[in-house]
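The next block holds one structure in the form of C-alpha cells; read it before the comments.
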Amino acid sequence: MKNREKVTIGHLWGAFYPALMYLGITVVAGVILMFIAIFQGQITIENKTVDFGNIESNFNLMMTFFGGVMTAPLLILIKYLDVKKQRMIGAYGYKSVFFAKYLFIIPFAICFMYACNMVVVILEALIPSIAHSFDETAKAIYSADIGIQIATAVIVGPIVEELIFRGLMYIRLKRMFGVGVSAFVTGLMFGLFHMNISQGIYAFIFSYGAIYVYERYKNICAPILLHISANAISVLVTFMSKDYNTSAGSKSTSLSSASDWTGALTVFAISILISGLFALCMKKWVNPQPK
C-alpha cells in the first residue's frame with residue numbers, strides 16, 4: 001500500500017480499542033442482566049452459592065446479545081467517521097458491486113466453514129490436549145433457546161465481530177503494515193477473542209476467508225454475509241442433530257478409526273475444492289471499480 005500511515009501508539013490504539021470497548025460493554029450488559037434477574041427472583045444467592053434458576057442456559061448468550069446491540073451503533077458511527085476521514089484525504093472508496101454477485105459468498109461461506117471445522121477436528125485428533133476445549137462454550141451456545149441462538153450467533157454476533165475485526169482492526173492495521181501482517185494479526189486477535197483453543201484455531205483460519213471477501217468486494221457487508229451464512233448453517237445443523245440440546249459437551253470429535261480419518265479428510269478435501277471454486281469465481285467476476 002502506498003503512503004502508509006506512520007506506526008504510532010495512537011494509530012495502534014485505534015485498531016485495537018473497538019474490541020476492548022465491546023468486551024467492556026458486554027460485561028456491563030451482563031451486570032445489568034444479573035441485577036434484573038436477581039430482582040425478578042430468577043437468580044438467588046444463598047450461602048455464597050449462586051442459583052441461576054431457569055435462565056442459566058440463556059444467560060451467556062443474552063449477555064452477548066445485549067452487549068452487541070449496545071455496541072453496534074457505536075461501531076457503525078466509528079466506521080462511518082473512519083470512511084469519511086479517508087475520503088477527506090483522497091481515498092474515495094469503491095463503487096458498489098452488483099447485489100447478485102454477493103450470492104457467491106453464501107456457498108463459499110458454508111464450504112469454508114466446513115473446511116475450518118475439519119482442520120480443528122484433525123488437530124484435536126493429533127493433539128488430544130486441545131480436544132474438548134470448546135465443549136463448555138458449545139454448551140452455553142447450543143443449550144440456549146433457538147431464538148436467542150439465532151439472534152446472537154447468526155445476526156448480532158457476526159455484524160459486531162466483522163465491524164470490529166475486519167471493518168476497523170484489519171483496515172486500520174492495513175494502513176500501517178499492509179495486507180499480510182494485518183491479516184495475520186487480525187486473525188490472531190480474532191482467535192484469542194474466542195478464548196478457547198479449538199474455537200480460536202477455527203476463528204484464526206476463518207478470518208482469512210472474511211478478509212478475502214472483504215478485499216474482493218471492498219464492502220464490510222461481504223464479510224458480514226460470510227459470517228452470518230457460516231453461523232446460520234452451524235446453528236441449524238446443531239439444532240437439527242440435537243447434539244448440544246440433549247447432551248451438551250459430551251460429543252466427541254476424536255478420529256478413532258481409519259474410516260473416521262477417511263471421512264474427515266474427504267469432507268475437508270471437498271470443502272476446500274468447492275470453496276476454492278467460489279473464491280475463483282469471486283476473483284474473476286467481482287472487481288469493484290474506484291469511485
Side-chain angles (χ1 to χ4, degrees), residues 1-26 67-68 70-97 101-102 105 108-109 112 156-195 200-228 279 282-283 286-291:
M1 177 183 289
K2 295 180 180 179
N3 301 320
R4 289 184 181 177
E5 289 183 351
K6 185 178 180 181
V7 180
T8 66
I9 297 297
H11 287 156
L12 290 172
W13 172 248
F16 293 107
Y17 85 81
L20 298 175
M21 179 181 71
Y22 173 49
L23 289 174
I25 291 175
T26 301
M70 293 164 65
T71 309
L74 296 174
L75 294 172
I76 292 170
L77 176 61
I78 294 168
K79 180 63 177 175
Y80 169 78
L81 295 175
D82 206 34
V83 172
K84 184 177 180 180
K85 178 182 177 182
Q86 290 303 302
R87 288 178 178 173
M88 290 177 62
I89 61 175
Y92 293 103
Y94 292 83
K95 296 179 181 178
S96 298
V97 173
K101 293 183 179 181
Y102 280 84
I105 294 174
F108 172 77
F112 192 67
V156 174
I159 292 172
V160 171
E161 290 179 2
E162 292 310 317
L163 283 168
I164 290 171
F165 290 99
R166 261 61 67 175
L168 293 170
M169 183 180 293
Y170 168 69
I171 289 298
R172 288 177 170 183
L173 289 174
K174 180 183 171 184
R175 293 180 197 140
M176 292 181 280
F177 302 106
V179 172
V181 171
S182 303
F184 177 81
V185 173
T186 300
L188 183 63
M189 296 306 297
F190 191 50
L192 292 173
F193 181 80
H194 287 79
M195 293 184 288
I201 294 170
Y202 171 92
F204 175 78
I205 303 169
F206 188 82
S207 180
Y208 277 90
I211 288 171
Y212 177 79
V213 298
Y214 195 10
E215 289 290 352
R216 293 312 315 163
Y217 289 83
K218 306 297 184 182
N219 191 314
I220 191 60
C221 291
I224 288 175
L225 178 59
L226 175 91
H227 204 151
I228 287 175
M282 285 185 272
K283 184 176 181 180
V286 180
N287 295 290
Q289 299 302 309
K291 290 182 179 179

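No experiment lies behind these values; they were computed from the predicted model shown. Below, all heavy atoms of this structure are taken into account, side chains as well, without hydrogens, waters or symmetry copies. Heads up: numbering here begins at 1 and tracks the sequence.
Within the 4.5 Å cutoff, no side-chain heavy atoms of Leu226 are placed close to those of Tyr212. Counting heavy atoms from C-beta outward, Met189 and Tyr170 have side chains that stay 4.5 Å or more apart. By the 4.5 Å heavy-atom criterion applied to side chains, Arg172 and Asp82 are counted as neighbours. Val97 is not listed as a side-chain neighbour of Asn219, based on a closest heavy-atom distance of 4.5 Å or more. Phe184 places none of its side-chain heavy atoms less than 4.5 Å from the side chain of Leu173. Between Gln86 and Ile171 the shortest side-chain heavy-atom distance does not fall below 4.5 Å.
Of all heavy-atom pairs spanning Leu75 and Pro18, the tightest one is CD2-CB, 4.0 Å. Of all the heavy atoms in Val160 and Ala72, the pair that sits closest is CG2-CB, 4.1 Å. Nearest approach of Pro223 to Ala210, heavy atoms of both residues: CB-O, 3.7 Å.
Atom CD1 of Ile224 and atom CD of Glu162 lie 6.5 Å apart (nearest 0.5 Å). The distance from the CG atom of Leu192 to the CZ atom of Phe204 is 10.0 Å, given to the nearest 0.5 Å. For the atom pair Ile164 CD1 and Leu20 CG, the distance stands at 9.5 Å (nearest 0.5 Å). A distance of 11.0 Å separates CG in Leu12 from CE in Met169, rounded to the nearest 0.5 Å.
For Ser207, the side chain to side chain donor-acceptor pair (under 3.5 Å) partners are Arg166, not counting sequence neighbours. Judged as a ring-ring contact (aromatic ring centres under 6.0 Å, His included), and not counting sequence neighbours, the contacts of Phe165 are Phe190, Phe193. Remark: Phe108 engages Phe112 in a ring-ring contact (aromatic ring centres under 6.0 Å, His included) (not counting sequence neighbours). Listed by chain and number, the residues in a side chain to side chain contact (heavy atoms under 4.5 Å, CB included) with Thr26 are Tyr22, Met63 (sequence neighbours excluded).
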Item to complete: Dump the intermediate steps for side-chain contact (heavy atoms from CB on, under 4.5 Å) on Tyr217 and Leu225, then the final yes or no.
Response: CA-CA 11 Å; Tyr217 289 83; Leu225 178 59; over 6 Å; no

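Applying the salt bridge (charged side-chain N to carboxylate O under 4.0 Å, His left out) test to residues at least two apart or on different chains, the pairs with a partner in residues 203-217 are Lys174-Glu215, Glu215-Lys218. Listed by first then second residue, pairs satisfying salt bridge (charged side-chain N to carboxylate O under 4.0 Å, His left out) with a partner in residues 203-214 number zero, not counting sequence neighbours.
Checking each of Leu23, Ile25, Ile76 against Thr71 for a side-chain contact (heavy atoms from CB on, under 4.5 Å) leaves exactly one that passes, namely Ile25.
Other residues, nucleotides and ligands place more than 12 heavy atoms under 6.0 Å from the CG atom of Leu81.
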